[in-house]
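Take a look at the structure set out below.
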Amino acid sequence: MASNGDHQTTVKPVKPPPSPSPLRNSKFSKSNMRILVTGGAGFIGSHLVDKLMENEKNEVIVADNYFTGSKDNLRKWIGQPRFELIRHDVTEPLLVEVDQIYHLACPASPIFYKYNPVKTIKTNVIGTLNMLGLAKRVGARILLTSTSEVYGDPLVHPQPESYWGNVNPIGVRSCYDEGKRVAETLMFDYHRQHGIEIRIARIFNTYGPRMNIDDGRVVSNFIAQALRGEPLTVQKPGTQTRSFCYVSDMVDGLIRLMEGENTGPINIGNPGEFTMTELAETVKELINPGVEINMVENTPDDPRQRKPDITKAKALLGWEPKVKLRDGLPLMEEDFRLRLGVSKKK
Ligand SMILES: NC(=O)c1ccc[n+]([C@@H]2O[C@H](COP(=O)([O-])OP(=O)(O)OC[C@H]3O[C@@H](n4cnc5c(N)ncnc54)[C@H](O)[C@@H]3O)[C@@H](O)[C@H]2O)c1
Ligand SMILES: O=C(O)[C@H]1O[C@H](OP(=O)(O)OP(=O)(O)OC[C@H]2O[C@@H](n3ccc(=O)[nH]c3=O)[C@H](O)[C@@H]2O)[C@H](O)[C@@H](O)[C@@H]1O
């Protein structure tokens with residue numbers, strides 16, 4: 001069985017898109033586009049904001065509750081007339097007049113999304129409902145950052161968008177993966193019922209500068225451990241795989257999806273697949289050959305293999321990742337060295 005769903009790239013809405021709110025035209029400056037980024041103080045969000053702000057025709061509003069994000073990630077834009085930062089929790093309604101919404105708000109690292117699972121579900125479900133309600137009121141196009149976790153512990157490899165997944169509905173990861181599945185459902189229901197213009201990206205493991213140092217995700221853990229001279233903690237069995245995408249490639253893919261004509265869902269990720277033991281060995285070789293690698297206990301429901309099929313992203317967005325893991329890791333190392341105050345031995 002290769003997959004079990006129809007490709008949902010150009011679903012026809014029942015109604016035409018709602019007409020834009022007249023307030024949307026009152027911009028702070030002579031910009032063409034006012035863009036809301038929820039979760040814009042986080043890792044991917046802040047890189048997306050950097051890219052959007054490079055275009056002088058854009059105004060950007062970030063709404064974030066700073067649960068896992070930080071104002072520090074946006075410090076170069078604070079005070080810039082085309083930029084606004086709002087402390088806001090997406091589980092509450094938000095009234096702003098915008099043309100596009102990149103909806104990223106949601107803790108992404110398993111240790112953070114499992115910390116308060118009920119809040120994670122609320123963020124995915126009520127937060128997405130609120131942003132869809134906003135999109136409907138102002139006639140904005142909305143992009144959801146969904147996840148490869150909608151495929152759960154996949155029985156199809158690599159994962160095409162047509163695969164419906166293998167998800168435990170009552171497990172400790174369900175607040176996140178089932179939450180994102182409901183968020184995708186809401187997106188398509190608003191699209192079909194109200195004509196909202198939607199885009200869904202299924203993001204696969206992304207890494208790069210500005211990840212929280214104690215974020216708990218594997219690449220940030222291994223780099224921080226290597227720089228601190230601590231053993232790299234490979235969770236058992238170590239043969240589980242992930243495919244790692246550098247953040248600049250991810251941002252490029254998200255913007256292409258938003259600007260293109262396809263609703264998605266579209267996988268955005270780097271198909272280069274590594275076991276966690278291979279990743280630990282690569283980090284050790286590149287950053288600190290003296291460091292040990294320790295096997296430690298894993299957490300429940302950890303997916304055993306993950307690799308995106310990016311045929312659709314290539315064909316429909318003209319997108320494919322450019323940065324290889326061995327080139328991306330040193331860029332992240334540089335950022336972590338600065339933040340940890342560990343200089344490179346000459
Ligand atoms: N990084 C990845 O590998 C990856 C993979 C798949 C999907 N994603 C998705 O991409 C998005 C961004 O991920 P990231 O890696 O940048 O994570 P992150 O934790 O760095 O960023 C998430 C941001 O959302 C904010 N946030 C969380 N709950 C909120 C709420 N209720 N209201 C307002 N803001 C809230 C956080 O403070 C943070 O700034 C998430 O939706 C995540 O599910 C990321
Ligand atoms: O890309 C995705 O779709 C999802 O991927 C990640 O979830 P996960 O792959 O479990 O991320 P990590 O916590 O980085 O774990 C990756 C692998 O590394 C292993 N790991 C983690 C941490 C560590 O110190 N050592 C270690 O071996 C884990 O057991 C797991 O097999 C993200 O954190 C989710 O937000 C995202 O939605």
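One-based numbering, in listed order, for ligands and for the atoms of each. In this chain, numbering begins with 1 at the start of the sequence shown.
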Exercise for the section: Give a yes/no verdict on whether any heavy atom in Arg202 is under 4.0 Å from an atom of ligand 1. Expected result: no
Exercise for the section: Report yes or no: does Ser146 have a heavy atom closer than 4.0 Å to ligand 1? Expected result: yes
Completion exercise
Quick look: Arg217 vs ligand 2, heavy-atom contacts under 4.0 Å, and the answer is both
Exercise for the section: Name the orientation class of the two ring planes belonging to Phe244 and Tyr207 (parallel below 30°, tilted from 30 to 60°, perpendicular beyond 60°). Expected result: perpendicular
Completion exercise
Contact region, Asn205 to ligand 2, non-hydrogen atoms below 4.0 Å, reads both
Practice task
Return yes when Asp64 approaches ligand 1 closer than 4.0 angstrom through a heavy atom, no otherwise.
Solution key: yes
Exercise for the section: Do me a favour and list the nearest non-hydrogen protein atom to atom 14 (P) of ligand 1 with residue, atom name and distance? Expected result: Ala108 CB, 3.9 Å
Problem - Nearest neighbour in protein (non-hydrogen) for atom 4 (C) of ligand 1 - result: Ile203 CG2, 3.7 Å
Practice task
State if Gly127 counts as touching ligand 1 under the rule of any non-hydrogen atom under 4.0 Å.
Solution key: no
Problem - Side chain Asp153, main chain Val167, donor-acceptor under 3.5 Å - result: no
Practice task
State whether the shortest distance between N or O atoms of Leu104 and N or O atoms of ligand 1 falls below 3.5 angstrom.
Solution key: yes
Exercise for the section: Tell me which protein heavy atom sits closest to atom 31 (N) of ligand 1, plus the residue, atom name and distance to 0.1 Å. Expected result: Asp89 OD1, 3.0 Å
Problem - Contact partition for Asp302 relative to ligand 2, non-hydrogen atoms under 4.0 Å - result: side chain
Exercise for the section: Enter the distance from Glu54:CD to Leu52:CG here, rounded to the nearest 0.5 Å. Expected result: 9.0 Å
Problem - Check: Ile203 N/O within less than 3.5 Å of ligand 2 N/O - result: yes
Practice task
Return the orientation label for the His194 and Tyr190 ring planes: parallel under 30°, perpendicular over 60°, tilted otherwise.
Solution key: tilted
Handout entry: Residue part near ligand 2, for Ser109, under 4.0 Å between non-hydrogen atoms
Key = backbone
Problem - Protein heavy atom at shortest distance from atom 32 (N) of ligand 1 - result: Val90 N, 3.0 Å
Handout entry: Contact with ligand 1 for Arg217, non-hydrogen, under 4.0 angstrom
Key = yes
Exercise for the section: Describe, in one word, how the ring planes of Tyr163 and Tyr151 are oriented to each other, choosing from parallel (under 30°), tilted (30 to 60°) and perpendicular (over 60°). Expected result: parallel
Practice task
Assess Arg173 for proximity to ligand 2: is some non-hydrogen atom of it under 4.0 Å away?
Solution key: yes
Exercise for the section: Look at atom 22 (C) of ligand 1 and say which protein heavy atom is nearest, naming residue and atom and giving the distance to 0.1 Å. Expected result: Cys106 O, 3.2 Å
Problem - Which residue and heavy atom of the protein sit nearest atom 10 (O) of ligand 1, plus the separation - result: Thr145 OG1, 3.6 Å
Problem - Nitrogen or oxygen of Phe222 less than 3.5 angstrom from that of ligand 2 - result: no
Exercise for the section: Record the part of Arg202 in heavy-atom contact with ligand 2 below 4.0 Å; permitted values are side chain, backbone, both and neither. Expected result: neither
Exercise for the section: Could you establish whether Arg306 and ligand 2 come within less than 4.0 Å of each other, counting only heavy atoms on the residue side? Expected result: yes
Handout entry: Tyr113-ligand 2 polar pair, N/O distance under 3.5 Å
Key = no
Practice task
Look at atom 17 (C) of ligand 2 and say which protein heavy atom is nearest, naming residue and atom and giving the distance to 0.1 Å.
Solution key: Met276 SD, 3.6 Å
Completion exercise
Closest to atom 16 (O) of ligand 1 among protein heavy atoms sits Ile44 N, 2.8 Å
Handout entry: Close approach of Tyr176 to ligand 1, heavy atoms, under 4.0 angstrom
Key = yes
Practice task
Compute whether any side-chain donor of one residue and acceptor of the other, for Thr241 and Gln305, lie under 3.5 angstrom apart.
Solution key: no
Problem - Shortest reach to atom 36 (C) of ligand 1 by a heavy atom, considering only Thr68, Asn124, Val37, Val219 - result: Thr68
Practice task
Starting at CG of Leu104, measure out to OG of Ser146 and round the result to the nearest 0.5 Å.
Solution key: 11.5 Å
Handout entry: Heavy atom of the protein closest to atom 9 (O) of ligand 2 (residue, atom name, distance)
Key = Arg242 NE, 2.5 Å
Exercise for the section: Could you say whether the N/O atoms of Gln235 and ligand 2 ever approach to under 3.5 Å? Expected result: yes
Practice task
Just need the protein heavy atom nearest to atom 3 (O) of ligand 1, so name the residue and atom and give the distance.
Solution key: Thr206 N, 2.8 Å
Practice task
Measure the distances from the heavy atoms of His103 to every atom of ligand 1 and state whether one is below 4.0 angstrom.
Solution key: no
